[in-house]
Structure formats: C-alpha cells, structure tokens
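Written below as structure tokens is the structure these notes are about.
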Amino acid sequence: MDPVAEKQIRASFVNCSKGEASRLHLPAGLAELPWAHLDFLGWRDPGAPDRSYLVAPRDGGLMGVTLRVPQGVRRSFTKTTVCSVCLTGHPGSGVSLLAARRAGPAGRQGNTVGTYLCADLACSLYVRGRKTSQLAGRHEETLPLDDRIARTVRNLHAFLDKVLEGEPA
C-alpha cells in the first residue's frame, strides 16, 4: 500500500458522514507505518475500544469503513479463532467480530454486515510473518507468500463488496 495522508483517509469513508469522518481518531505515527508491508490500513480507536477503522486501496482510489464490536457478543478466552481475511489463527480474543454499517440508504436504515478480523487489524503483517500470533503450535502454510497476500486482498474485497451492496450506482 502506498502511504496516504490524513485528508485522503478522511475522504475515503463510505459508511459514515463527512462530519463523523472528520472527527475520527487517526492512528498515531501515520508517517512511520510500514506502508510497503500493508495491504490495508486498519486501527482501533484509542478513545473508544469498540470502534475500529479500515482503509484499503480499491478501484484506483481508497475505500474506508468504520467498524464496531457488536454489543453482547461473548468472546471465549480459551478457544482458538481464525480471522476471515488473513486466515491467521489466534488464541482467545485475538479475533473480533467487527460490524460495518452498509454504505448508502441501507446503512442509514441500520443495516450492517460483519466479519471476523484480527483484533489488532494487523492482517497484512501476520500474512508476511512480520508479526506472529500467540497461538502455540500454529499451522504453517505451504502456499507461497504472494498467493497468501492475494487471498487476503480477495477476502478483504469480498467484505468491502458486502458493505457496498445496496448502494445506488
């Protein structure tokens, strides 16, 4: 992913108002992020731990979505969970169910779509081996790195497609 500026990030959000996008907290150290190793930019809101944000390159531009941890979701601290985007296994609460309001009229009516993502949104770093899961005895894949990256991007785009479903063309 190429480095992006604050203004580009704020303008990319498709499932919140411009006012909401202007008020969201951006990740600290934006300029120092490992951009060359990111397929998307994802971060948790330090002031509101139930909120996360994701910005991905898409169709020659950027697409940003706001995400929330749904209320009442029980997490097991003893079971292994797998991220739906990068397929990294994590112990306990290393994966979170995150819900995104749909874009357009469907989102304004309260419709959401969810997926299980690495709780720290560091999927790109897990896929590349730059960050490791705390899972003991984790499964080693034989799929080449380029194919794992492509699968991660495909899975992310499938989720983003669901966020956009129902939006007027």
Side-chain angles (χ1 to χ4, degrees), residues 1-70 81-90 93-104 107 112-134 141 143 145-165 167:
M1 180 172 182
D2 293 329
V4 293
E6 176 182 341
K7 188 175 181 178
Q8 293 172 288
I9 293 171
R10 292 187 188 284
S12 72
F13 285 89
V14 298
N15 67 342
C16 69
S17 71
K18 287 182 182 181
E20 289 171 309
S22 71
R23 292 186 300 272
L24 62 85
H25 294 105
L26 294 179
L30 195 59
E32 291 82 39
L33 291 175
W35 293 103
H37 302 289
L38 297 179
D39 303 305
F40 66 90
L41 173 62
W43 71 100
R44 301 295 289 251
D45 188 326
D50 66 328
R51 284 191 217 159
S52 299
Y53 309 99
L54 187 150
V55 175
R58 187 165 166 99
D59 300 328
L62 292 174
M63 179 179 169
V65 295
T66 60
L67 304 159
R68 287 190 176 255
V69 176
T81 51
V82 176
C83 174
S84 296
V85 171
C86 68
L87 304 184
T88 300
H90 292 276
S93 61
V95 170
S96 293
L97 173 62
L98 295 174
R101 189 174 5 155
R102 288 190 187 266
T112 61
V113 61
T115 193
Y116 288 93
L117 284 164
C118 294
D120 60 3
L121 298 166
C123 299
S124 301
L125 302 179
Y126 289 115
V127 166
R128 288 168 173 80
R130 300 184 68 75
K131 194 167 187 177
T132 56
S133 166
Q134 298 301 310
E141 281 195 86
L143 195 63
L145 178 60
D146 288 343
D147 292 342
R148 286 182 294 185
I149 292 169
R151 178 186 64 203
T152 298
V153 171
R154 257 190 332 272
N155 291 342
L156 176 65
H157 282 233
F159 172 67
L160 295 176
D161 287 345
K162 291 177 185 174
V163 173
L164 290 174
E165 281 179 12
E167 184 182 34

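For reference, positions follow the sequence shown, starting with 1.
In terms of heavy atoms, P3 sits closest to Q8 at O-OE1, 4.5 Å. Nearest heavy-atom pair, L121 versus F40, reported as atom, atom and distance to 0.1 Å: O-CE1, 3.8 Å. Summarising the geometry of S133 relative to G89, their closest heavy-atom pair is OG-O, 2.6 Å, with the distance given to 0.1 Å. Closest approach of C83 to C86, counting heavy atoms only: SG-N, 3.5 Å. The two residues I9 and V4 have their closest heavy-atom pair at CG1-CG2, 3.6 Å.
Using modelled atom types, no side-chain atom of W43 and backbone atom of D120 make a donor-acceptor pair closer than 3.5 Å. Side chain of R23 to backbone of G19: a donor-acceptor contact under 3.5 angstrom is found. The closest donor-acceptor contact from the side chain of R10 to the backbone of A21 lies under 3.5 Å.
In summary, the side chains of T152 and D39 do not present any donor paired with an acceptor at a separation below 3.5 Å, with no hydrogens or angles considered.
In this structure, P27 and L41 have side chains that are in contact, with non-hydrogen atoms separated by less than 4.5 Å. By the 4.5 Å heavy-atom criterion applied to side chains, Y116 and V85 are not counted as neighbours. At least one side-chain heavy atom of H37 sits under 4.5 Å from a side-chain heavy atom of L125. Proximity of N155 to S84: side-chain heavy atoms (C-beta onward) are nowhere separated by under 4.5 Å. T132 is not listed as a side-chain neighbour of Y126, based on a closest heavy-atom distance of 4.5 Å or more. The closest side-chain heavy-atom distance from T88 to V82 is not below 4.5 Å. The shortest side-chain heavy-atom distance between V65 and L67 falls under the 4.5 Å cut-off.
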### side chain to side chain contact (heavy atoms under 4.5 Å, CB included) between S12 and M63, intermediate numbers included
CA-CA 5 Å; S12 72; M63 179 179 169; 5.8 Å; no
### Message
Please evaluate residues L164 and V14 with respect to the criterion side chain to side chain contact (heavy atoms under 4.5 Å, CB included), reporting the C-alpha separation (whole Å), side-chain torsions for both, the decisive distance (0.1 Å), and the verdict.
### Response
CA-CA 8 Å; L164 290 174; V14 298; 4.2 Å; yes
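To the nearest 0.5 Å, atoms CD (E6) and OG (S22) are separated by 10.0 Å. Atom CG of L98 and atom CG of L117 lie 5.0 Å apart (nearest 0.5 Å). To the nearest 0.5 Å, atoms CG (L26) and CG (L30) are separated by 6.5 Å.
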Only distances under 3.5 Å count here; give the side-chain donor-acceptor pairs of residues 51-62 to other protein atoms, sequence neighbours excluded, each with its distance to 0.1 Å.
unit_1, atom_1, unit_2, atom_2, d
S52, OG, R44, NE, 2.9
Y53, OH, D45, OD2, 3.1
R58, NH1, H157, ND1, 3.1
R58, NH1, D161, OD1, 3.4
R58, NH2, D161, OD1, 2.2

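Remark: R148 pairs with V127, E141, L143, L145, R151 by the side-chain contact (heavy atoms from CB on, under 4.5 Å) rule, at least two apart or across chains.
Ion pair R101/E20 flagged as a salt bridge, since at least one NZ, NE, NH1 or NH2 atom sits closer than 4.0 Å to an Asp/Glu carboxylate oxygen.
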